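In this chain, residues are counted from 1 in sequence order. Everything quoted here is computed from the prediction, not taken from an experiment.
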Amino acid sequence: MDTPTSEPVDSPSEFDAKAFLVSLPGLPGVYRMHAADGALLYVGKARDLKKRVSSYFQKTQLSPRIAHMVARIARIETTVTGSEAEALLLENNLIKTQQPRYNILFRDDKSYPMLKFSAHRFARISYYRGVTDRRSQFFGPYPSAWAVKESIQVLQKVFRLRTCEDSVFSNRSRACLLHQIGRCSAPCVKAIDEAAYRADSDAAMRFLRGGHQEVLTDFESRMHEAAADLRFEEAAVLRNRMTALARILHQQSMETGSDVDVDIIAIEVAGGRVCVNLAMVRGGRHLGDRAHFPTHVDAVTEQVPGEVLDAFLSQHYADGELPPVIVCSTESSNPDALALLQARAGHAISWVRQPSGPRRRWLEQARQNAGLALARVLAEEGSQQSRTRALAEVLGLDDDNLDALRIECFDVSHTMGEATQASCVVYHHHAQQRGEYRRFNIEGLVGGDDYAAMRQVLTRRYSKIAAEQVQADQDGDAARIDAATMPQLVLVDGGKGQIEVARQVFEELGLDISILVGVAKGEGRKTGLETLVFADGRPELVLGRDSSALMLVAQIRDEAHRFAITGMRARRAKTRNTSSLEEISGIGPRKRQRLLARFGGLRGIIAASVEDLASVEGISRSLAEDIYRQMH
C-alpha cells in the first residue's frame, strides 16, 4: 500500500527526519524521495524500510551525490510490498518510467535484437526487434545485429530452415538459390513434408537452448534409419549436417568450454565515467558484448562499482531472462543481490567472482573491451568540452561553469508552405539533450512565411518564462526562476531577417537580446562558411573552417534542422495519409513492405540501427544510412 509519510514543505530544511523515521514500518517496500518543488530525487528498495531509510540520516560518510540528495529532501513516500523481490520489481519500474535525478540510470534494453521462429507451420527464422508475442518463439536477447545474423547462418547450414517472408514463400513455383546451395530444405515447393520440417525446426530450437548432444544423437539416429531403408541420399545429407554441426560445436567448445548460457559483466571506472560491458554466451556460443554507460554516477567514490553493478542487475534483468551463470569480479553492495536474482529467475544462479579457464579469458577480454569503450567515450567527451569552451570564449560567455551552459537552437521546416513545423533542440552538459527537444506546429500563417513562423515559435517558447521573471522581480524573489529554464545562448538558423524577428520578440518580452545569435549559411551552404549574426548590434563574425566553436554551432544547428525536417515529414505524411517511408528515395513498395514486416511498423524502423536496417533483404549499407538519417 502507498504510505505518504510527510506533507510537502517549503524547503528541504523543514523536513523533520526524526519524526518521520518513527512512523516507518520495518517491512519490505519501496521509498521515494521528493524535493520541495515536487521533483522525484531518488527511488530505492528495502527489506526493512525503517532501517534502510534511517541509514541516510545516520551515515556520515555518504558519497557526494547522495549527501547532496539528502540535503534536498522535503518529502518521502513509501510503498509496502510483500517481499524484497516485489520491491525490486516496483523499484525498477519507477526508475525506468520516472528517471529520478539521483538514481544510477541505464539506457533501456528494448533495443536488443532477437532471433524469431514464426508461428507458421513451416517456421521462418528471422531477425527481430520489438515487442514479443506468445505465438512465435524468440531467442535472445543478442548483443548486436551481427550476432543474430551469424546465428541465422548457422541454422541455415545445419538445419536448413527458411528465411524468406511468408508472402514470398506462398507464391514460389520453384526452389530458390538457398536450396541449391544447401541452405534451405525448400518447403515452399514441398521438397520436405511438414513433419520433417517441424523436426528440423524443433532440433534448431534445442540447439539454441544448448541441447547440442541431443541434436547430434537425433541426427545420427535419423541417418542410420535412412541408410537402413536404402534412402542413401537422405542419409548423406544428414551425415553432412552432422559434420557441420560437429565442426561448429568443436569451435565453440574451444571458445567457451562446457558453458551453455553465461553472462560476463566487466566494470571499468576512469575519468569520472563508468562503463559496464556485458558479454553473452548463449547455447554454448559466445555472441559478443555491448558497452553500457550509466548516468547519475558519482565516479569518485570507491563504492561505485558495487552500486553500479546493483543498478545494472536490477534494470537490465527486469524484463529479460537470467542465465544460470553470471561471471563478474565486482562484488555487489547488496548482500542479498544473488537471492533476489534467483527469486526473480525461478532457478538457481551461480555467481562466479574468480573464474578460471575459458571464463577467465572471457572476463579479461570483457574488461579490455570495457576499457577501450570508456577511452573512446572520454575522448569524445573531451572534444565536446573543448568545443564548448571555445564557443564560450568566442562569444564572451561566462566560462566558470561550462557544464551548466545551456544552448537552445531553433529551425523552421516546411514543403512549399505545407505542414510547417519548428524545432527547438537543447545542448546542455556538453551534449545534446534529446529528452528536452520540442516541436511546434505552426498554425494560422501564410504558407512559407519563415519570419512569421520564427516569431510564433519564439513567442510560444519564451513568453511564459518572461512572465515568470516579471512576477519574480515584482516579488523581489529573482532566485525563484530556475536558471535552467532560460538558456545562456539562443541560436536561430538564419541570417539578418530571422535574427531581426528574434530581436523584436525578445524586446517585446523584456528578455536579454545579447544572447541571440543567428547562424547564416555560407556560400553553397557548406559547413565551415557560416556567419554568426548578433541581435545586439555587434559586427558579424566569420570563424572559419578550423574553428572548434563553429564546429559546435554547426553541430547544434544541423541537429535542429534534422529534428525539424523529420517532424515536418511525419506531419505531412499524416496529412496526406501516407507513410514517411514513401518520402525516401530508393524505397519502393517491396522494400517498404520488407522493412515494415521486419520491424513491425514505423516505430520499430525508427528504433533500428543502421546495421539492423542493412540486414533487410534489398537494403544496402548506403540506403540504410539514408533511411536512418531521414527517419531521425
Pair L491, F410 - check side-chain contact (heavy atoms from CB on, under 4.5 Å), show working.
CA-CA 6 Å; L491 299 177; F410 295 84; over 6 Å; no

Evaluate R359 against V352 for side-chain contact (heavy atoms from CB on, under 4.5 Å), listing each step before the verdict.
CA-CA 9 Å; R359 292 177 177 179; V352 181; 3.5 Å; yes

Just by distance, with hydrogens left out, do N369 and N277 show a side-chain donor and acceptor under 3.5 Å apart?
no

Tell me whether the count of non-hydrogen atoms from other residues, nucleotides or ligands lying under 6.0 Å of CZ in R460 goes above 12.
yes

Hey, mind stepping through I407 and Q488 against side-chain contact (heavy atoms from CB on, under 4.5 Å) and telling me if it holds?
CA-CA 6 Å; I407 303 173; Q488 288 75 51; over 6 Å; no

Identify, with sequence neighbours excluded, every residue that meets side chain to side chain contact (heavy atoms under 4.5 Å, CB included) alongside I349.
L322, I326, L338, L341, Q342, A345, H347

Centre-to-centre under 6.0 Å for H316 and F106, is that the case here?
no

Q456 side chain to F440 backbone, donor-acceptor under 3.5 Å
no

Would you kindly say whether S386 and R389 are connected by a side-chain donor-acceptor distance under 3.5 Å?
no

Suppose we screen for side chain to side chain contact (heavy atoms under 4.5 Å, CB included). Which residues come up paired with T330, at least two apart in sequence or across chains?
I267, P305, L309, C328

Donor-acceptor pair, distance only, cut-off 3.5 Å: does the side chain of K50 make one with the backbone of L21?
yes

Under 3.5 Å, is there a donor-acceptor pair linking the side chains of T566 and R439?
yes

Between N103 (side chain only) and V43 (backbone N and O only), is there a donor and an acceptor less than 3.5 Å apart?
yes

Are a donor atom and an acceptor atom from the side chains of S423 and D411 found within less than 3.5 Å of each other?
no

Test item: S55 side-chain N/O and R52 main-chain N/O as donor-acceptor pair under 3.5 Å
yes

Going by atom types alone, do R32 and T79 pair a side-chain donor with an acceptor below 3.5 Å?
yes

Using the side-chain contact (heavy atoms from CB on, under 4.5 Å) rule, pick out the option among D261, V325, V262 that qualifies with V281.
V262

Any luck finding a side-chain donor-acceptor pair between D263 and Y317 under 3.5 Å?
yes

Would you say that more than 12 heavy atoms from the other residues, nucleotides or ligands in this model lie under 6.0 Å from the CZ of R503, or not?
yes

Hydrogens and angles aside, do Q315 and N92 bring a side-chain donor and acceptor to less than 3.5 Å of each other?
no

Would you please say whether a donor-acceptor pair under 3.5 Å links the side chains of Y437 and E559?
yes

Side-chain donor-acceptor contact under 3.5 Å, S329 with R367:
yes

Quick test of your reading of the model: are R406 and E408 salt-bridged, counting only N-O distances below 4.0 Å?
yes

Are more than 12 heavy atoms, taken from residues, nucleotides or ligands other than H429, located less than 6.0 Å from that residue's NE2 atom?
yes

Between D310 and S332, is there a donor-acceptor pair closer than 3.5 Å when you use the side chain of the first and the backbone of the second?
no

Under 3.5 Å: donor-acceptor pair, side chain of E86, backbone of G82:
yes

